[in-house]
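Inspection log for the structure reproduced underneath, given as C-alpha cells.
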Amino acid sequence: MASPDSVSGVDFIREIIAEDLKTNKHGGKVATRFPPEPNGYLHIGHAKSICLNFGIALENKGGVCHLRFDDTNPCKEEVEYIEAIKRDVLWLGFDWGKHLYYTSDYFEKLYEYAVQLIHQGKAYVCSLSTDEIREYRGTLTQSGKDSPYRTRSIEENINLFKRMRGGEFEDGAHVLRAKIDMASPNLNMRDPAIYRIRRTKHHRTGDTWCIYPMYDFAHCLSDSIEGITHSICTTEFENHRPLYDWILETLDVDCHPQQIEFARLNLSYTVMSKRKLLELVEEKQVSGWDDPRMPTISGMKRRGYTPEAIRNFCERIGVAKRESMVDIALLEHFVREDLNKRALRVMAVLHPLKVVIDNYPDGKEEDLECINNPEDTTMGTRKVPFSKILYIEQDDFLEEPPKKFFRLAPGREVRLRYAYFITCVSVIKDEATGKIKELHCTYDPETRGGSAPDGRKVQSTIHWVSAEHSIEAEVRLYDHLFTKADPCGEKDEADFKKFLNPDSLETLTSCRVEPCLANAKHGSRYQFERLGYFCVDTGDSTGKKLVFNRTVTLRDTWAKVQKAEGT
RNA sequence: UGGGGAAUAGUGUAACGGUAGCACAAGUGACUCUGGAUCACUUUGUCGGGGUUCGAAUCCCUGUUCCCCAGCCA
C-alpha cells in the first residue's frame with residue numbers, strides 16, 4: 001500500500017534524497033558534486049552523472065552542485081582537460097556558479113587529517129615495496145598478513161611522514177597506510193595506502209608537494225570539507241564505501257556525506273572508458289577527442305547533437321544499479337526529436353546526377369519559395385533558384401525500378417520539391433562503362449510551386465539543386481564507431497579495436513548545396529531534406545570550402561524496405 | 001559458503017502486497033509537396049523451483065546467472 005506522500009516514479013537516489021529531506025537528515029540541505037579527474041575528456045557516461053548531480057541540485061530549493069576536479073594524481077592529469085571539462089559542462093547547460101573546487105586546494109588540510117590519523121594510531125608509514133605490499137595483502141579468498149612496519153611508534157610515523165613530505169625519499173620508498181584490518185574480506189580495508197610519494201610536478205600546485213593523497217582518502221574528506229550531503233558515484237565504488245565511512249568516522253568530522261552508487265552507462269556500438277578513448281586518440285584511430293564519432297561530449301557537439309537532446313536522453317535512460325547497455329538508437333531518437341523542431345530545412349545533393357529539363361528555356365532562372373521548417377512556420381520561407389540544369393540524388397533514379405520504388409524512372413513523373421513536376425524522357429550513359437551520366441526530362445509549367453491544377457498526383461517528391469547556382473561542399477557521413485554492439489564483450493580486453501568500423505567515416509567531396517548555405521556559420525544545424533541532419537564542421541569548414549557533418553539520418557522507411565527485401 | 005552488488009518485453013526503466021505501465025526498437029494502418037514529421041493500432045516481459053497470502057514482480061526459503069574487488073589509478 002503506497003502512502004499518499006510516498007515518492008514514486010523517480011529513481012532510487014532521488015527517493016533517498018526526498019526521504020532525507022523529509023526526516024531533515026542534513027538540515028534540509030542538498031549538496032551534490034560532480035568530481036571528474038582531469039585526465040581525459042568527458043563522455044556521454046559523464047553526461048549521465050552531470051545530469052543526475054546538477055539535476056538534483058536544480059530540483060531542490062537551495063540545492064547546489066559543486067564541480068570538483070579530483071586532481072590527486074599528477075602523473076596523468078593536465079590543464080587542457082580541466083578547460084575542456086568546464087567547457088563541456090557549461091555547454092551541456094549546467095552551471096556550478098561559485099562552486100568550483102579542486103582537491104589539490106585541500107592538500108594542506110588533507111595532510112593534517114593524515115597526521116591526525118597517525119596520532120590516533122590509525123595510520124602508519126609502511127616501507128614495504130609495491131610487490132611486497134601485494135604479497136602481504138593476501139588474495140580474494142585468503143586473508144592478508146600484517147606489514148612488519150605496522151607496529152611503528154606514532155613518533156616514528158610522524159617523523160617519517162614529515163620527511164616524506166620533505167622530499168627525503170624516492171618514489172615508492174614509503175607509503176602511508178590506514179591501519180584497519182588485514183583480514184578483512186573487503187580488500188579495500190586491508191590497510192589501504194592513503195598517501196604515496198610522487199616526485200612529479202602537479203599541474204596546479206607545481207613542486208609544492210611530493211606526496212599525494214590517494215582517491216579513497218582524498219575523496220571522502222573533500223566531500224566532507226565541502227559539506228556535500230549525497231556523494232553519488234558508480235557501482236565499482238560500492239566496495240569502497242566501508243572505507244569512505246571508516247575514514248570519516250575515525251577522523252570524527254562534522255559532515256559525513258552519504259555515498260550512493262548507481263550503474264554506469266554503457267552505449268551500444270561504442271566504448272565508454274577514458275582509457276580506451278585515449279587509446280583511440282593517441283593511435284589516431286580518430287581525429288581527436290572531439291572527433292564526431294567519439295561518444296565524448298565534445299565529439300557529439302561537433303557532430304551536431306544538441307545539449308537538450310543529450311539531457312532528454314539522460315533523463316529517459318533513468319538511474320538504477322543494474323548493469324545495462326542502452327541502444328544508441330535511443331540517443332539518436334532524441335537528437336532527431338530535437339532537431340526536427342528547430343533545424344532549418346535546405347536542399348543538398350550528396351551524390352549528384354545531372355538532369356537537363358529539355359523544355360525549360362535556356363538561360364531562364366526563377367526563384368521558388370521554400371518553407372524553412374514545416375514544423376515551425378515562424379521560421380519563414382526562403383527563395384531557391386531554379387534553372388534548366390539541375391542535380392538530383394543518384395539514388396532517386398532507377399532505370400529499372402522495383403515494385404516499391406516510387407522515385408524517378410524512365411517515363412515516370414515525380415515532383416521536384418517546391419518546384420515542378422518533371423518526367424524522365426531519356427537516359428544518357430557513358431558508352432564505355434554503362435554508367436548513367438545524365439537524365440533528360442520535361443517539366444510541366446502548370447505545376448510551378450509543386451502542385452498540379454488538374455489535381456493529378458505523383459508518387460514521390462525528390463530534392464534538387466540548380467547546377468549553376470548551387471555551391472560545392474564536402475560532407476562527412478558518420479556511422480557507428482564499432483561494428484559490434486558490445487566491442488568490449490571479448491575475453492581479451494585489448495580486442496575491442498578488432499571491431500572498429502572501417503566505414504565509420506565516409507567523406508563526400510563533390511556535394512552540391514543550396515546557395516543560401518554559402519555563409520553558414522560554424523556549428524549551425526540544418527536538415528538536408530530527405531537525408532538527415534547536418535551541421536557545419538567547427539574544425540575544418542572555411543569560407544572557401546564548406547564542410548558538413550552528418551549528425552544523424554532521417555528515419556528511412558525506404559532503406560528499411562530495401563533491407564527487408566535483401567537488396 | 002572470500003566479500004560486495006544486480007536480475008521485469010529486443011533495449012532501458014516504472015510499479016514499494018491489489019489491473020505489470022512508459023519510452024525506444026519492431027510491425028500495421030491513416031495522413032502527407034521530405035519514403036521525414038504527425039496520429040491510431042498491434043506484437044513481445046516479472047531468472048528457475050518451492051513457500052506465506054484471498055491476492056506476490058514485490059515478503060520468506062532455495063537454486064541459477066551476470067557484474068565489481070587482490071593499483072603506491074580514479
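In what follows, every chain begins at residue 1, and chains take the letters A, B, ... in the order their sequences are listed. Note that these values count all heavy atoms, side chains included, but never hydrogens, waters or copies made by symmetry.
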Closest to side chain of A:R134, choosing from B:C72, B:G71, B:U13 = B:G71
ask   = If you measure from the P atom in B:U11 to the same atom in B:A26, how many Å do you get, rounded?
value = 15 Å
remark   = Taking every heavy atom of A:H66 against every heavy atom of A:E226, the minimum-distance pair comes out as ND1-OE1, 2.7 Å
inquiry  = Using the rule side-chain hydrogen bond (donor to acceptor under 3.5 Å, both in side chains), only one of A:D70, A:D71, A:T205, A:T72 pairs with A:S104; which is it?
reply    = A:D71
message = With hydrogens left out and only the distance checked, is there a donor-acceptor pair under 3.5 Å joining A:R241's side chain and the base of B:G4?
response = no
ask   = A:R198 side chain N/O closer than 4.0 Å to the phosphate oxygens (OP1, OP2) of B:C73?
value = yes
ask   = Can you find a side chain N or O atom of A:T72 that sits less than 4.0 Å from OP1 or OP2 on B:A74?
value = yes
task = Identify which nucleotide among B:G35, B:G71, B:A74 has an atom closest to any side-chain atom of A:K404, counting heavy atoms from C-beta outward.
result = B:G35
message = Let's see if you can work this out: which of B:C73, B:C72, B:U34 has an atom nearest to the side-chain heavy atoms of A:K76?
response = B:C73
inquiry  = When the P atoms of B:G4 and B:G51 are compared, how many Å lie between them, rounded to an integer?
reply    = 29 Å
key: Short N-O contact, A:D223 and A:R68, less than 4.0 angstrom   = yes
Between B:C67 (P) and A:N266 (CG): distance, integer Å = 12 Å
message = Quick check: closest heavy atoms across A:G304 and A:R525, and the distance to 0.1 Å?
response = O-NE, 2.8 Å
ask   = Got a donor-acceptor pair under 3.5 Å from the side chain of A:R316 to the base of B:U13?
value = no
Check: protein-nucleotides 24-29 of chain B nitrogen or oxygen pairs below 3.5 Å:
unit_1 : atom_1 : unit_2 : atom_2 : d
B:A26  : OP1    : A:K560 : NZ     : 3.4

task = When you get a sec, tell me which of B:A14, B:C72, B:G4 is the closest nucleotide to the side chain of A:R137?
result = B:C72
message = Of the listed nucleotides (B:C67, B:G2, B:A14), which one gets closest to any side-chain atom of A:T141?
response = B:G2
ask   = Nearest to the side chain of A:K321, which nucleotide is it out of B:C69, B:A70, B:A6?
value = B:A6
ask   = Closest to the A:T557 side chain: B:G4, B:A23, B:G35?
value = B:G35
Heavy atoms from other residues, nucleotides or ligands near CZ of A:R264 exceed 12 (cutoff 6.0 Å) = no
message = Applying the 5.5 Å / 30° rule, does A:Y215 stack onto the base of B:A74?
response = no
ask   = Counting side-chain heavy atoms from C-beta on, which of B:G35, B:A70, B:A74 comes nearest to A:T461?
value = B:G35
query = So A:Y215 and A:F237, ring-ring contact (aromatic ring centres under 6.0 Å, His included) or not? Walk me through it.
reply = CA-CA 11 Å; A:Y215 165 84; A:F237 292 101; 5.0 Å; yes
Nucleotide of B:C73, B:G5, B:G36 approaching A:N73 most closely (side-chain heavy atoms) = B:C73
ask   = Taking the P atom of each, how far is B:G55 from B:U65, in whole Å?
value = 32 Å
